[in-house]
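Nothing here was measured: the structure is a model prediction, and the numbers come from that model. Lettering follows sequence order; numbering is per chain, from 1.
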2 protein chains.
Amino acid sequence: MNTRKKVSIAVVKRLPRYYRYLYNLLKENVTRISSKELSQNMGITASQIRQDLNCFGGFGQQGYGYNVHVLYNEIGNILGANKNYQAIIIGAGNMGRALANYRNFEKRGYEINGIFDVDMNVIGQKINGIVVMPIDKMDYFIKNNNTQIAILTVPHEYTKDVAERAATAGIKALWNFSAMDLQIPDVVVENVHLSDSLMVLGYRLKEATEENKFEETELK
Amino acid sequence: MNTRKKVSIAVVKRLPRYYRYLYNLLKENVTRISSKELSQNMGITASQIRQDLNCFGGFGQQGYGYNVHVLYNEIGNILGANKNYQAIIIGAGNMGRALANYRNFEKRGYEINGIFDVDMNVIGQKINGIVVMPIDKMDYFIKNNNTQIAILTVPHEYTKDVAERAATAGIKALWNFSAMDLQIPDVVVENVHLSDSLMVLGYRLKEATEENKFEETELK
DNA sequence: TAGATTGTTAATCGATTAACAATC
DNA sequence: TAGATTGTTAATCGATTAACAATC
């Protein structure tokens, strides 16, 4: 019986951070690290690090700490960094192009093997070696290539429609860049929302500025 | 005395979402909405919506609900959507270009008035009407234009260095797209980490697939 | 063996949800 | 006025932190 408790999203979101820090340690030829040292590097409590890792297994050794190489690989496995997922990009606009040229994907085990658009001026062009195809061919392509992931970079008025078509064709996960929350049954959706992130930045900037003003007033 | 309790980041991160939903209601000419209706639209509890909003003030009216227009403007003010911040982009690569062409910025009150790069082939080019300048001119430009925000899209090995230079020149907030956590005293940093987001997607896709396999096995 | 550090249980803290009096 | 819905306090839930026995 599958008794494994569901890991909270807060924990999962920290995994890529661990992965990055461990990669850096690996590059610096550090072979072992304790949760305490990692904690000082990352600004997370050692307790939380141990708690997080133990959601997935005991990767450390009492009295020693963690072997950097082992832990790096374990987290990679947990994140599916070795899965070699197939992905397509829908929407060959600025963001779509930027992502098509993004080098980190291959490194993480993702392969982009199709780009789709509606614009006749763009169809046929090559972006990072991949020919842009007409969106009418998308459904067929997804089925034929067993594509799991679709990266959505279309204007937000088309998002819902295109997402549903992709899901029907067999897409299992959507990486959604449009300023619109997507929810599709049985499909994993990761919403990016750059403009939300920017607004949070604006809020924090405003707060910081006001705090500052207040302190200045106090000093007078 | 400033007795206002600090609003948690979890609350702040929901504000742009409220803002988007209210904007849509506004477009549909909806004039009033209750926390209950909004809750059904957004998949958030009505209690949380009221709790969130009341961190900033009582914008509603008992027995009536919220006036969409009023609430939209209030949240806009809270987020500083009316502040007209000046921003520069550092790094005219694929991501920098995509962001320079991103239409939503102006709408949110951000103005990009400078793009910087080191590449002589790129310097002098125009991106969305803005000339790319050599990075040596950055410090002077920031001081002279009173630029508050820098958007960082440089390769991650330069990130820390460039960020610190920008901060010294007077930048107050950094929107960081490199796969490296930044922390700079007295500067607001919002890290985007696209590759982290993609790995979380990968994790969730893997989980969903395994769950499915497991269920299939059970049925046999 | 002694020292170090994990894995794990218990305590604390904060965020979400529920409940309801206030009031439009 | 009666009905509806807020603003706000109290209860619950979950996530983080602390503590410590297990063990390398």
Side-chain angles (χ1 to χ4, degrees), chain A residues 3-18 21-22 25 30-75 78 181 200 203-204, chain B residues 3-18 21-22 25 30-75 78 181 200 203-204:
Chain A
T3 49
R4 187 168 40 138
K5 209 165 57 209
K6 201 176 177 298
V7 176
S8 87
I9 190 67
V11 174
V12 175
K13 282 196 177 163
R14 280 191 293 270
L15 293 179
R17 272 192 80 201
Y18 293 133
Y21 276 81
L22 289 165
L25 291 172
V30 179
T31 54
R32 55 172 277 200
I33 189 129
S34 68
S35 58
K36 196 180 163 196
E37 287 169 285
L38 200 53
S39 131
Q40 283 156 353
N41 281 215
M42 297 185 66
I44 290 181
T45 63
S47 209
Q48 181 161 72
I49 293 171
R50 295 204 300 279
Q51 198 75 277
D52 283 354
L53 297 177
N54 279 89
C55 290
F56 304 97
F59 305 129
Q61 202 165 64
Q62 280 101 330
Y64 174 85
Y66 300 87
N67 177 293
V68 175
H69 194 79
V70 167
L71 190 55
Y72 177 76
N73 285 331
E74 289 286 1
I75 295 180
I78 294 163
D181 298 312
V200 171
Y203 173 85
R204 299 211 289 137
Chain B
T3 48
R4 187 168 41 138
K5 207 166 59 209
K6 201 175 178 301
V7 176
S8 90
I9 190 67
V11 175
V12 175
K13 282 195 177 163
R14 279 191 294 270
L15 294 179
R17 270 193 82 201
Y18 293 133
Y21 275 81
L22 290 165
L25 291 172
V30 179
T31 53
R32 55 170 279 199
I33 190 130
S34 68
S35 59
K36 196 180 163 195
E37 287 170 285
L38 201 51
S39 131
Q40 283 156 354
N41 281 216
M42 296 185 66
I44 291 182
T45 64
S47 209
Q48 181 162 70
I49 294 172
R50 295 203 301 279
Q51 198 76 277
D52 283 355
L53 297 177
N54 278 89
C55 290
F56 303 98
F59 305 130
Q61 202 166 62
Q62 280 99 330
Y64 174 84
Y66 300 88
N67 177 295
V68 175
H69 193 79
V70 167
L71 190 55
Y72 177 76
N73 284 331
E74 289 287 359
I75 295 180
I78 293 164
D181 298 311
V200 171
Y203 172 85
R204 298 211 289 138

Rounded to the nearest angstrom, tell me the gap between atom [atom1] in [X] and atom [atom2] in [N].
{"X": "A:K36", "N": "C:dG3", "atom1": "NZ", "atom2": "P", "answer": "16 Å"}
{"X": "A:Q62", "N": "C:dT5", "atom1": "CD", "atom2": "P", "answer": "12 Å"}
{"X": "A:D52", "N": "D:dG14", "atom1": "CG", "atom2": "P", "answer": "17 Å"}
{"X": "B:N54", "N": "C:dT16", "atom1": "CG", "atom2": "C1'", "answer": "15 Å"}
{"X": "B:I44", "N": "C:dA18", "atom1": "CD1", "atom2": "C1'", "answer": "17 Å"}
{"X": "B:Q51", "N": "D:dA10", "atom1": "CD", "atom2": "C1'", "answer": "11 Å"}
{"X": "A:Q48", "N": "D:dG14", "atom1": "CD", "atom2": "C1'", "answer": "13 Å"}
{"X": "A:I49", "N": "D:dA18", "atom1": "CD1", "atom2": "C1'", "answer": "15 Å"}

- Do B:Y66 and B:E74 come close enough that some side-chain heavy atom pair is under 4.5 Å? no
- Would you indicate whether the side-chain heavy atoms of A:L22 and A:H69 approach each other to under 4.5 Å? no
- Query: Partner of D:dA10 by Watson-Crick or G-U wobble geometry, both contacts under 3.5 Å, or none?
  - Reply: C:dT17
- Item | Complementary nucleotide of C:dC24, counting Watson-Crick and G-U pairs under 3.5 Å | D:dG3
- Query: Is there a donor-acceptor contact under 3.5 Å from the side chain of B:Q48 to the main chain of B:T45?
  - Reply: no
- Check whether any side-chain N or O of B:R14 sits under 3.5 Å from a backbone N or O of B:I49 as a donor-acceptor pair, and report yes or no. no
Taking only side-chain N and O atoms of [X], does any of them lie within less than 4.0 angstrom of OP1 or OP2 on [N]?
{"X": "B:R14", "N": "C:dA15", "value": "no"}
{"X": "B:R50", "N": "D:dG7", "value": "no"}
{"X": "A:Y64", "N": "C:dG7", "value": "no"}
{"X": "B:Y66", "N": "D:dA4", "value": "no"}
{"X": "B:T45", "N": "C:dT16", "value": "no"}

- Between A:I9 and B:S35, who's closer to the 5' end of DNA chain D by nearest nucleotide? B:S35
- More 5' along DNA chain D: B:I33 or A:G63, using each one's nearest nucleotide? B:I33
- Item | A:N67-A:Y72 side chain donor-acceptor pair, cut-off 3.5 Å | no
- Query: Counting any heavy atom closer than 4.0 Å, what does B:S34 reach on the DNA or RNA strands: base, sugar-phosphate only, or nothing?
  - Reply: sugar-phosphate
- Would you say the base of C:dA15 and the side-chain of B:S8 have a donor-acceptor pair closer than 3.5 Å? no
